[in-house]
Amino acid sequence: VSSKRTVEFELATTGLDALGRPQRTPLGVALEEPADEDMDLGGHHMLLNLGPQHPATHGVLRLVVELDGEVVVRVIPHVGYLHSGFEKLGEYRHYNQIIPLTDRTDYLSPMANNVALALAVEKLMGLEITERCRVLRVIACEMSRIISHLVWMGTTAIDIGAFTPFLWTFYERERIYNLQEAWTGARLTTSLTRVGGLMADVPDGFTDHLREWCRNFPSTLSEVDRVLSRNGIWCSRTQGVGVLTAEEAINYSLSGPMLRASGVAYDVRKDRPYLGYETYDFDVPVGEHGDVYDRYLVRFEELRQSTRILEQALARLPDGPINLDDPRVILPPKSAAMSDMEAMIFHFKQVMEGVTAPVGEAYCSIENGKGELGYYFVSDGTAKPVRWRIRPPSFINLSALPRMSEGALLSDLIAINASVDIVMGEVDR
Amino acid sequence: VNPSVGALRERFGRAIGRALVSCGDTVVYLDRRAARQVLQWLKDTPGQQYNYLVDLTAVEYRDAERPLEVVYELFSLERRAPLRVKIELPKDAPLEVDSAVPLWRGADWLEREVFDMFGIAFRGHPDLRRILMWETYAEGHPLRKDFPLRGRFSRSEQVRQALNLRPEAHYSMEELSIAEAQRDLPTDVRERLQRGERGVIPEPGGPAERP
């Protein structure tokens, strides 16, 4: 009995050539004549639904695209799939209880959101924080900007077809995440700040590890620079794509790298300084063409500048308390609350009633990785805000997407959408 | 107080209401009928040049007697100066104000969000429809104080509506006009659209219930 079997199969080609290899059908040649009515696409536009579950839309963004061949005629974005009602929830919470909600808006840079919220509430209450707290918050903000830009760089490179930079940038981001975890106990839901101070001081060895990171990071950055900045494919996919002029960028209320790539030198850290940013030595990179490539260059240089700020902050980090010495705002230490009557009363009042803010309103913004992140509070004198408004930079930046992608190719739409640097947790809130 | 307030009073007189300083920020109230001209003047006049609309939002107070407020957070990129402008909308009159989209394209989505969350209509907005909630959302305007935290409908009703949402509700009529996409829809969907039933949620057990 023979174990051999003969299997018959049909070749997917038109036959074999003289050397016995399968013949290839040249690309672009139809084997059959198509029926006339199906192929007559002249003047017909196509409706393409992109998302909400699509990796190139960076979350749950949905785009309804009108296509003429491969050319985008119109883009109609649909947002709101991740709407969580954070602003409504904030009206039912004490000021310190809002901080965990801010982790979850722009979840790629949670520490900066925590800082922004604390700054806004402190402006509302007229509190002045300690010097050590100020410098630690600068460190938190710059670490956040770096991880936010690293995610942007990696995912955008993947969208455009380069896989390797993604691994390098995520490796560096992982090391920052380890530092965040050592500081707050959480990698993503950091809840770092409290009104008037911080949840915790940095642990032992933190500054040494961050210094070492600052020393090593530029070499990774130069590797990414080497594979992307002068890469022919990268340049042709990004240069001259999604151009916005300076006037348009201002008119669309864009902020952050999107605005600066169009040539407008507006950076909240320089123009409405907070946390003593005016005392740090750093440059604000500005583009000149307003295209995807310039947005890449601006973010790239911001990574270098943020590392500079981190080094300066580490060098000047003073000793001293991280929290205000004010028992109406900051919880007394547990040992005091258990032994001292007055401390126990303050503890009880803060936990049960919350920290109250005077009647008034305050808008405070910071330069986040995505752009100008602002929090607007209206208080009626109770411990819960009447209105908590998030000024969402990526929501406003995204609103210029239809303007940028009209007339572009469908594949450019992916690059343009990536260049906005959206995070849907913040767009939808 | 920001010197722009004096300039506004001089130019517009009674259309400018009270002005106050809160936490270091100047807030100035406008008459809603003058909103468009005043904002235009603030944007274009040399010496003011509030050319950057930072944010546009609304506030409703817990005191039910107080009017709603539409808040414009302005910033001058030339002079690096902020100004907050507010318009009061009493609740007994229609909640309407002129759109700022002709001045700033950035106001487009921000006004849609205020419309969605507060039910304030912006006259002259090119495309005023809900943005964060879906277009067939029927529970009201979530950031109003009379809107309960968990929504108006019960959780089971919300789930039922979500599961019964029909495919055509995900596309606006304008979108379905692309490539005459309605032509490719199943017959029953097309018939519902022709009857103008887009996004109507069938009652349980009713005649419109699908098998």
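Quick note on labels: first sequence line is chain A, next is B, and so on, each numbered from 1. All values derive from a computational prediction rather than experimental measurement.
At a 4.5 Å heavy-atom cutoff, the contact between Val427(A) and chain B is made by backbone atoms alone. Only the side chain of Tyr376(A) comes within less than 4.5 Å of a heavy atom in chain B; its backbone stays farther off. Looking at Val71(B), the atoms closer than 4.5 Å to chain A (heavy atoms on both sides) all sit in the side chain, from C-beta outward. Proximity to chain B (any heavy atom under 4.5 Å) is shown, for Tyr363(A), by both the backbone and the side chain. Within the 4.5 angstrom heavy-atom criterion, only side-chain atoms of Val378(A), from C-beta onward, approach chain B. Heavy atoms closer than 4.5 Å to chain B are found in both the backbone and the side chain of Glu91(A). For Glu113(B), the part sitting under 4.5 Å from any heavy atom of chain A is the side chain, from C-beta outward, and nothing else. No part of Leu20(B) comes within reach of chain A, as not one of its non-hydrogen atoms sits under 4.5 angstrom from that chain. Arg144(B) touches chain A through its backbone: at least one of N, CA, C or O sits under 4.5 Å from a heavy atom, while the side chain does not. With a 4.5 Å cut-off on non-hydrogen atoms, Arg130(B) does not touch chain A at all. Looking at Leu143(B), the atoms closer than 4.5 Å to chain A (heavy atoms on both sides) sit in the backbone and in the side chain alike. Residue contact with chain B, scored on non-hydrogen atoms closer than 4.5 Å, involves the backbone and the side chain of Val79(A) alike. With a threshold of 4.5 angstrom between heavy atoms, Phe75(B) approaches chain A through side-chain atoms but not through N, CA, C or O. When heavy atoms are compared at a cutoff of 4.5 Å, Arg391(A) approaches chain B by way of both its backbone and its side chain. In this structure, no portion of Asp108(B) lies under 4.5 Å from any heavy atom of chain A. The contact between Lys384(A) and chain B is made by backbone and side chain atoms together, counting heavy-atom distances below 4.5 Å. Heavy-atom distances place no part of Ala107(B) under 4.5 Å from chain A, backbone and side chain included. In this structure, chain B has heavy atoms under 4.5 Å from both the backbone and the side chain of Asn251(A). Interface residue Leu398(A): backbone and side-chain heavy atoms are both found under 4.5 Å from chain B. Within the 4.5 angstrom heavy-atom criterion, only side-chain atoms of Arg62(A), from C-beta onward, approach chain B. Within the 4.5 angstrom heavy-atom criterion, only backbone atoms of Pro385(A) (N, CA, C, O) approach chain B. Looking at Leu124(A), the atoms closer than 4.5 Å to chain B (heavy atoms on both sides) sit in the backbone and in the side chain alike. For Thr382(A), the part lying under 4.5 angstrom from a heavy atom of chain B is the side chain only.
Inspection of the Ser4(B) and Tyr50(B) side chains reveals an N or O donor paired with an N or O acceptor under 3.5 Å. No side-chain donor-acceptor contact under 3.5 Å links Asp421(A) and Asn397(A). Side-chain polar atoms of Asp44(B) and Gln40(B) form a donor-acceptor pair below 3.5 angstrom. Looking only at atom types and distance, the side chain of Ser379(A) has no donor-acceptor partner in the side chain of Arg387(A) under 3.5 Å away. When only modelled atom types and interatomic distance are considered, Glu372(A) and Tyr266(A) share a side-chain donor-acceptor pair under 3.5 Å. Counted by atom type alone, Tyr274(A) and Glu367(A) present zero donor-acceptor pairs between their side chains at under 3.5 Å. For the residue pair Glu88(B) / Tyr29(B), no side-chain donor-acceptor distance below 3.5 Å is found, with atom types taken as modelled. Using modelled atom types, one finds no donor on one side chain facing an acceptor on the other under 3.5 Å when comparing Glu361(A) with Ser22(B). If you check the side chains of Gln49(B) and Ser76(B), you find no donor sitting under 3.5 Å from an acceptor.
Relative to the ring axis of Tyr61(B), Arg66(B) places its NZ or CZ within 45° and under 6.0 Å from the centre.
Taking chain A as the reference chain and counting heavy-atom pairs below 4.5 Å, the highest number among Val54(B), Asn51(B), Asp25(B) is found for Val54(B). Contact count against chain B (heavy-atom pairs under 4.5 Å) is highest for Ser399(A) among Ser399(A), Gly126(A), Ala265(A). Listed options Arg272(A), Glu87(A), Arg403(A) were ranked by heavy-atom pairs under 4.5 angstrom with chain B; first place goes to Arg272(A). Among Ser253(A), Gly360(A), Gly80(A), the residue with the largest count of heavy-atom pairs under 4.5 Å with chain B is Ser253(A). Ranking Glu73(B), Glu60(B), Arg105(B), Lys145(B) against chain A, the residue ahead of the rest is Arg105(B), based on heavy-atom pairs under 4.5 Å.
For the atom pair CG of Leu275(A) and CG of Leu119(A), the computed distance is 4.5 Å after rounding to the nearest 0.5 Å.
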Decide salt bridge (charged side-chain N to carboxylate O under 4.0 Å, His left out) for Glu66(A) and Arg74(A); before the verdict, give the C-alpha distance in whole Å, the side-chain angles of both, and the deciding distance to 0.1 Å.
CA-CA 5 Å; Glu66(A) 181 175 355; Arg74(A) 197 159 41 139; 2.8 Å; yes
For Val264(A) and Tyr52(B), run side chain to side chain contact (heavy atoms under 4.5 Å, CB included): C-alpha distance rounded to whole Å, both residues' side-chain angles, the deciding distance at 0.1 Å, then the answer.
CA-CA 11 Å; Val264(A) 184; Tyr52(B) 186 65; over 6 Å; no
Between Lys270(A) and Glu278(A), does a salt bridge (charged side-chain N to carboxylate O under 4.0 Å, His left out) hold up when you go through it step by step?
CA-CA 6 Å; Lys270(A) 292 276 191 195; Glu278(A) 65 276 19; over 6 Å; no
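When each of Gln37(B), Arg33(B), His125(B), Arg123(B) is paired with Asp98(B), the side chain to side chain donor-acceptor pair (under 3.5 Å) condition holds for Arg123(B) and for no other.
Separation of the Trp41(B) and Phe12(B) ring centroids falls under the 6.0 Å cut-off.
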